[in-house]
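Taking it in order: structure first as structure tokens, then the write-up.
Order of appearance sets the numbers: ligands from 1, and atoms from 1 within every ligand.
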Amino acid sequence: MVRTTVSVIKADVGSVAGHVCPTISMVEYAKKILEEGRETGIVKSFYVYSVGDDVGLVMTHHKGENNPEIHELAWKVFKEITEKISKPLKLYAAGQDLLKDAFSGTVKGMGPGVAEIEFEERGSDPIIVFAADKTSPGAWNLPLYKIFADPFNTAGLVIDPVLHEGFIFEVMDLREGRTAKLKTPEESYDLLSLIGTTNRYVISKVYRAKDNEPAASASTTRLSYIAGKYVGKDDPVLIIRAQSGLPAVGEILSAFAVPFLVPGWMRGSHYGPLMPVSFKKKQNVVSYFDGPPRVIAMGWQIAEGKLVGVDGVEPVDLFEDPFWDTVRQKASEIALYMRTMGEFMPARIEQEEMEYTTLPKVLEKLSSRFIEVKP
Ligand code: F6R
Ligand code: MG
Ligand code: MG
């Protein structure tokens, strides 16, 4: 049986009006290169999206995860967009996420964010790709826990005998570069003790416990850890498979119904609510204090290695439902409230994380002003 892989690779390689959104020509250029890749058989199908200032490539193929040909195609897209569009037009932060010069077999560790999932196609295989802007990978910890381990979110954990057996979470320790697997519901408390620390432990994969079926895959890139300084937010992506013994699409989306706080937003230095937005209604223009952080959800079926959308590869815009207007309203209220705190913690992110921003330069100037005292 052939296995299908969905690869999502994204980068911020420049935008208009500051860090707001890419040009339409950038998205069109990406489509042109991926179409060439489709004609030469590198990918079977593809879709290009944008969220905030990020451009994302959703590609399907049979080559497995971390395939050099797929990664090289994505690298070529971002490199050429930078050289041919972002730099000549002096777009803001042109080529920002391309941290290395030459491609070396994988885009991992080179700046772009990657999430990939390989599976044997079921009789019918719905998937959702989430893409966020102005936040970092730990943002997915809370919704992933709710989707796969919280019966107050996912009724199937109680009602469906397959989900009832639980899930296995792969947790990545970004500081130490190591992973551990924990099984829910048995190890829920242990899992929570790790993933509550969202800037260090991030969920990278989720598997169904019954048969190890891959259920979710998230990007884990921390640009600041690669570059050693602040170079923009990582703006993570997440792929989740749904239905027939996996959480239903509606259960997956429910995890976003209360806008939880995520790190990022202005200068990557503030906590703000994650706002679910519609890409069809063009709600992904980040305008209040460079935000608030936001997420889009694209829904497809996968058939014979290809994306099937509502019109060709055009995905369902899952946050278009008017239900989400209430959630957006709530997110706006939370955003305004958080801003009343200005630069005071906990509205501003913790000291440790601020080390990757421009704040240390300000503090350096003040260091000579301190005089020693006995504690
Ligand atoms: C957040 C982000 C922006 C910038 C901010 C300052 O991820 O990219 O909020 O940090 O607009 O940008 P510079 O320093 O480039 O003027
Ligand atoms: Mg940017
Ligand atoms: Mg961005």
At the Mg ion (ligand 3), OD2 of Asp235 and OD1 of Asp133 open up to roughly (10° bins) 90°
Looking only at distances, can you tell me whether any N or O atom of Tyr92, backbone or side chain, sits closer than 3.5 Å to an N or O atom of ligand 1? yes
Go through Arg122 and Glu213 one step at a time and tell me if the salt bridge (charged side-chain N to carboxylate O under 4.0 Å, His left out) criterion holds.
CA-CA 11 Å; Arg122 298 173 290 167; Glu213 186 68 22; 5.3 Å; no
> Would Lys146 count as a cation-pi partner of Phe260, with NZ or CZ less than 6.0 Å from the six-membered ring centre and within 45° of the ring normal?
Replying inline: no
request  = For the pair Glu170 and Ser204, evaluate side-chain hydrogen bond (donor to acceptor under 3.5 Å, both in side chains) and give the outcome as yes or no after the intermediate values.
outcome  = CA-CA 6 Å; Glu170 182 185 85; Ser204 42; 2.7 Å; yes
Passes side-chain hydrogen bond (donor to acceptor under 3.5 Å, both in side chains), Asn141 versus Thr198? Steps please. CA-CA 7 Å; Asn141 284 6; Thr198 51; 5.8 Å; no
Worksheet item: Taking it one step at a time, do Arg38 and Glu35 satisfy salt bridge (charged side-chain N to carboxylate O under 4.0 Å, His left out)?
Response: CA-CA 5 Å; Arg38 196 186 63 79; Glu35 179 54 28; 2.8 Å; yes
The answer for which part of Trp265 has a heavy atom under 4.0 Å from ligand 1 is backbone
Show, in sequence, the C-alpha distance, side-chain angles and deciding distance for Ser25 and Thr23, and conclude whether the side-chain hydrogen bond (donor to acceptor under 3.5 Å, both in side chains) test is met. CA-CA 5 Å; Ser25 62; Thr23 63; 2.8 Å; yes
Q.
Do Glu118 and Asn67 have side chains that approach each other closer than 4.5 Å (heavy atoms only, starting at C-beta)?
A. no
Atoms of ligand 1 under 4.0 Å from any heavy atom of Asp290, numbered from 1 in the order shown, are 3 (C), 4 (C), 5 (C), 9 (O), 11 (O)
Checking heavy atoms under 4.0 Å, the part of Arg267 that sits near ligand 1 is both
The Mg ion (ligand 3) has as its nearest N, O or S atom from Asp54 the atom OD1
### Query
When only distance counts, is Lys134 in polar contact with ligand 1, meaning an N/O pair under 3.5 Å?
no
Answer key: the N, O or S atom of Asp12 nearest to the Mg ion (ligand 2) is OD2
Here the vertex angle at the Mg ion (ligand 2) for OD2 of Asp53 and ND1 of His19, given to 10°, is 100°
